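Residues take their numbers from the sequence shown, with the count starting at 1. First listed ligand is number 1; within each ligand, the first listed atom is number 1. As a basis for the values below, the full set of heavy atoms in this structure was taken, side chains included, without hydrogen atoms, waters or symmetry mates. Note that the structure is a prediction, hence the values are computed from the model and not measured.
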Amino acid sequence: MPPVPNAIQLTDLTRDDLVELYAYPVEPSAPYLRVNFVTSIDGAVTVDGRSGGLGTPADKKIFALLRDLADVVLVGAGTVRAEKYGAAHTDSELRKRLHAEGLGGDPDGTPPRIAVVSARAALDPASKLFTDEGARPIILTTAAASDDNKKRLIDAGAEVIVAGENLCTAQSIRAGLESLRLRRVLCEGGPSLFGELIADRGVDDLCLTVSPQLVGGSAGRIAVSPLALPTPMVPRHLLLDTDGTILTRWERAHTRG
Ligand SMILES: NC(=O)c1ccc[n+]([C@@H]2O[C@H](COP(=O)([O-])OP(=O)(O)OC[C@H]3O[C@@H](n4cnc5c(N)ncnc54)[C@H](OP(=O)(O)O)[C@@H]3O)[C@@H](O)[C@H]2O)c1
């Protein structure tokens with residue numbers, strides 16, 4: 001078991017330090033699936049139905065950096081609808097540099113694509129996900145979704161991949177992304193998709209922000225699935241910001257030595 005890392009002050013770190021701390025495995029030979037969430041101290045995943053009320057400057061900084069590092073942003077349809085997802089906007093210079101250094105990014109600085117998991121392919125073709133400049137959404141859906149829904153999304157410019165009969169599993173999602181050679185995967189939730197990934201033992205890495213507030217209310221937690229399946233995780237780092245935000249990174253116990 002590797003030693004538990006000491007806490008580091010975020011203000012002591014440069015952007016290059018952060019790139020190193022959050023780097024994906026070099027040249028991954030298969031999709032590496034990272035999940036990113038923010039929660040309140042008392043475990044709420046939303047305030048008034050959205051995650052925005054939990055965000056802090058440190059969380060926003062890492063949220064953006066994780067997108068800079070990724071080949072693809074994977075997200076459940078519920079989150080796309082609640083958070084009004086559009087195309088990802090990333091740091092084009094950083095993405096070019098990361099690519100030159102073999103750390104991901106993109107040769108032209110192009111942002112990562114958004115891949116939406118939707119059993120029903122029930123997305124609005126007039127939404128920002130399709131109409132934003134540079135949008136090239138991928139829809140991972142099922143054989144059970146109606147042909148009309150799929151056609152509507154293809155007509156709106158999406159690449160539609162059938163990845164499951166009634167539900168997309170972690171394995172079928174990985175296979176769908178691998179068919180496009182998208183291996184640095186950043187899953188931004190939501191709780192139903194994360195629960196499915198845990199149940200399928202499909203999570204390699206979790207970046208979890210604890211926002212320094214209590215929320216109460218009836219908000220759910222970050223993962224929901226019908227069955228509990230404990231998965232041991234190893235802490236990789238623990239960063240503290242001056243406002244009390246705690247940024248953690250956890251890897252699946254057997255993912256790296
Ligand atoms: N705090 C945070 O960091 C954070 C992050 C993300 C989301 N959130 C919040 O979480 C809430 C949304 O929760 P949610 O659980 O509904 O989110 P979700 O997991 O994003 O969406 C659920 C929907 O995604 C599709 N889906 C999920 N897993 C699937 C699977 N294995 N196979 C096929 N389709 C699948 C289904 O879409 P269809 O119905 O289209 O078939 C399902 O209804 C929002 O309020 C959002 O703000 C918070």
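Atoms of ligand 1 lying under 4.0 Å from any heavy atom of Gly49, numbered from 1 in the order shown and given with element: 44 (C), 45 (O), 47 (O). The contact set between ligand 1 and Thr46, taken as ligand atoms under 4.0 Å from a residue heavy atom, comprises 9 (C), 45 (O), 47 (O). Here is the list of ligand 1 atoms found below 4.0 Å of a heavy atom in Thr79: 6 (C), 7 (C), 12 (C), 17 (O), 18 (P), 20 (O), 21 (O). Ligand-side atoms of ligand 1 in range of Ser51: 1 (N), 2 (C), 4 (C), 47 (O), 48 (C), range being under 4.0 angstrom from any heavy atom. The distance from ligand 1 to the heavy atoms of Glu196 drops below 4.0 Å at these ligand atoms: 31 (N). When each atom of ligand 1 is checked for a heavy atom of Glu83 under 4.0 Å away, the hits are 46 (C), 47 (O).
Atom OG1 of Thr169 is separated from atom CZ of Arg174 by 10.0 Å, given to the nearest 0.5 angstrom.
Considering only heavy atoms from C-beta on, Arg249 stays 4.5 Å or farther from Leu21 through its side chain. Contact annotation: the side chain of Phe130 approaches that of Leu153 to within less than 4.5 Å [non-hydrogen atoms, C-beta and beyond]. Taking 4.5 Å as the limit, some side-chain heavy atom of Leu94 sits within range of a side-chain heavy atom of Arg15.
Of the heavy atoms in Arg221, none comes closer than 4.0 Å to ligand 1. For Arg120, heavy-atom contacts with ligand 1 shorter than 4.0 Å involve the backbone as well as the side chain. Only the side chain of Ala82 comes within contact range of ligand 1, with a heavy atom under 4.0 Å; no backbone atom does.
Scanning the protein heavy atoms around atom 24 (O) of ligand 1, the nearest turns out to be Ala77 N, 3.1 Å. Closest to atom 32 (N) of ligand 1, if we only count protein heavy atoms, is Cys168 N, 2.9 Å. The protein heavy atom nearest to atom 19 (O) of ligand 1 is Leu193 N, 2.9 Å. At the top of the distance list for atom 6 (C) of ligand 1, counting protein heavy atoms only, stands Glu188 O, 3.1 Å. The shortest contact between atom 34 (N) of ligand 1 and any protein heavy atom is with Ala119 N, 3.0 Å. Among protein heavy atoms, the minimum distance from atom 35 (C) of ligand 1 is reached at Val117 CG1, 3.6 Å. From the protein, the heavy atom lying nearest to atom 21 (O) of ligand 1 is Gly78 N, 2.9 Å. The closest protein non-hydrogen atom to atom 40 (O) of ligand 1 is Ser118 OG, 2.6 Å.
In terms of modelled atom types and a separation under 3.5 Å, the side chain of Asp59 and the main chain of Leu54 share no donor-acceptor contact.
In this structure, of Ala145, Pro191, Gly189, the residue bringing a heavy atom nearest to atom 8 (N) of ligand 1 is Pro191.
Within the 4.0 Å cut-off (strictly below), no protein heavy atom is located near atom 42 (C) of ligand 1.
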Exercise. When you look at Ile246 and Leu240, which way does the side-chain contact (heavy atoms from CB on, under 4.5 Å) test go after all the steps?
Worked result: CA-CA 5 Å; Ile246 304 174; Leu240 305 175; 3.9 Å; yes
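Of the residues Leu247, Thr209, Thr46, the one that meets the side chain to side chain contact (heavy atoms under 4.5 Å, CB included) test with Val38 is Thr209. With respect to Leu177, the side chain to side chain contact (heavy atoms under 4.5 Å, CB included) criterion is satisfied by exactly one of Val72, Asp71, Leu33: Val72.
Within a 6.0 Å radius of CD in Glu165, other residues, nucleotides and ligands contribute 12 heavy atoms or fewer.
Grouped with Val162 in a hydrophobic cluster is no other residue, since no side-chain heavy-atom contact under 4.5 Å to another Ile, Leu, Val, Met, Phe, Trp or Tyr is found.
With hydrogens and angles left out, the side-chain atoms of Asp108 and Thr110 include no donor and acceptor closer than 3.5 Å.
Considering backbone and side-chain N/O atoms, Arg81 comes within less than 3.5 Å of an N/O atom of ligand 1. Residue-to-ligand polar distances keep Leu167 apart from ligand 1: every N/O pair is separated by 3.5 Å or more. Among the atoms of Gly76, some N or O lies under 3.5 angstrom from an N or O of ligand 1.
Take Phe63 and apply the ring-ring contact (aromatic ring centres under 6.0 Å, His included) test, not counting sequence neighbours, and it matches no residue.
At least one cation-pi condition fails for Arg183 and Tyr24: the charged atom is not both under 6.0 angstrom from the six-membered ring centre and inside a 45 degree cone around its axis.
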